[in-house]
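Written below as structure tokens is the structure these notes are about.
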Amino acid sequence: CIAAVAMAGLAPALAQSDKVTVSSLLAQDYTIAGTVSVPSGGAGLFMRKASKLYFCFLTETPTSATVATQYCKPVE
């Protein structure tokens with residue numbers, strides 16, 4: 001029952017794509033609320049829409065074509 005409630009909170013973000021990315025959150029009118037430097041490399045973005053907040057981890061390499069979303073997770 002708890003898992004169903006947790007998944008219900010993710011439903012809007014997962015509706016457009018199986019993987020939540022910075023692009024998919026921006027398409028749902030999330031805004032960048034903050035950034036952090038990650039000690040292991042990469043960057044972290046906090047994405048907010050009303051009372052919903054996600055943390056997204058991004059990485060890139062000198063040869064990569066884009067900065068890629070590794071994952072986005074809801075913050076509780």
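Just so it is clear, the values below take in all heavy atoms, side chains as well, and ignore hydrogens, waters and symmetry mates.
Considering every non-hydrogen atom in both Cys72 and Leu25, the closest pair reads SG-CD1, 4.1 Å. Across every non-hydrogen atom of Asp29 and Lys49, the tightest pair is O-CG, 4.1 Å. Between Ser24 and Lys19 the shortest heavy-atom distance is OG-O, 4.0 Å.
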### Message
Before you tell me yes or no, could you show the steps for Met47 and Ile32 under side chain to side chain contact (heavy atoms under 4.5 Å, CB included), namely the whole-Å CA-CA distance, both residues' side-chain angles and the distance that decides it to 0.1 Å?
### Response
CA-CA 5 Å; Met47 308 286 295; Ile32 297 171; 3.7 Å; yes

### Message
side chain to side chain contact (heavy atoms under 4.5 Å, CB included), that's the test. Do Tyr54 and Val75 meet it? Break it down for me.
### Response
CA-CA 5 Å; Tyr54 275 83; Val75 176; 5.8 Å; no

### Task
Start with the C-alpha distance between Lys73 and Phe57, add both sets of side-chain angles, then the distance that settles side chain to side chain contact (heavy atoms under 4.5 Å, CB included), and finish with yes or no.
CA-CA 9 Å; Lys73 295 181 180 184; Phe57 178 61; over 6 Å; no

#### Entry: Residue pair Phe46, Leu53: steps toward the side chain to side chain contact (heavy atoms under 4.5 Å, CB included) verdict
CA-CA 7 Å; Phe46 288 97; Leu53 182 66; 4.1 Å; yes

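None of Val22, Leu45, Thr59 except one satisfies the side chain to side chain contact (heavy atoms under 4.5 Å, CB included) rule with Thr69; the exception is Val22.
Residue Leu58 is not grouped with residue Tyr71 when hydrophobic side chains (ILVMFWY) are merged at heavy-atom distances under 4.5 angstrom, including chains of intermediate members. Leu26 and Phe55 are assigned to two separate hydrophobic clusters, defined by single-linkage of ILVMFWY side chains at heavy-atom distances under 4.5 Å.
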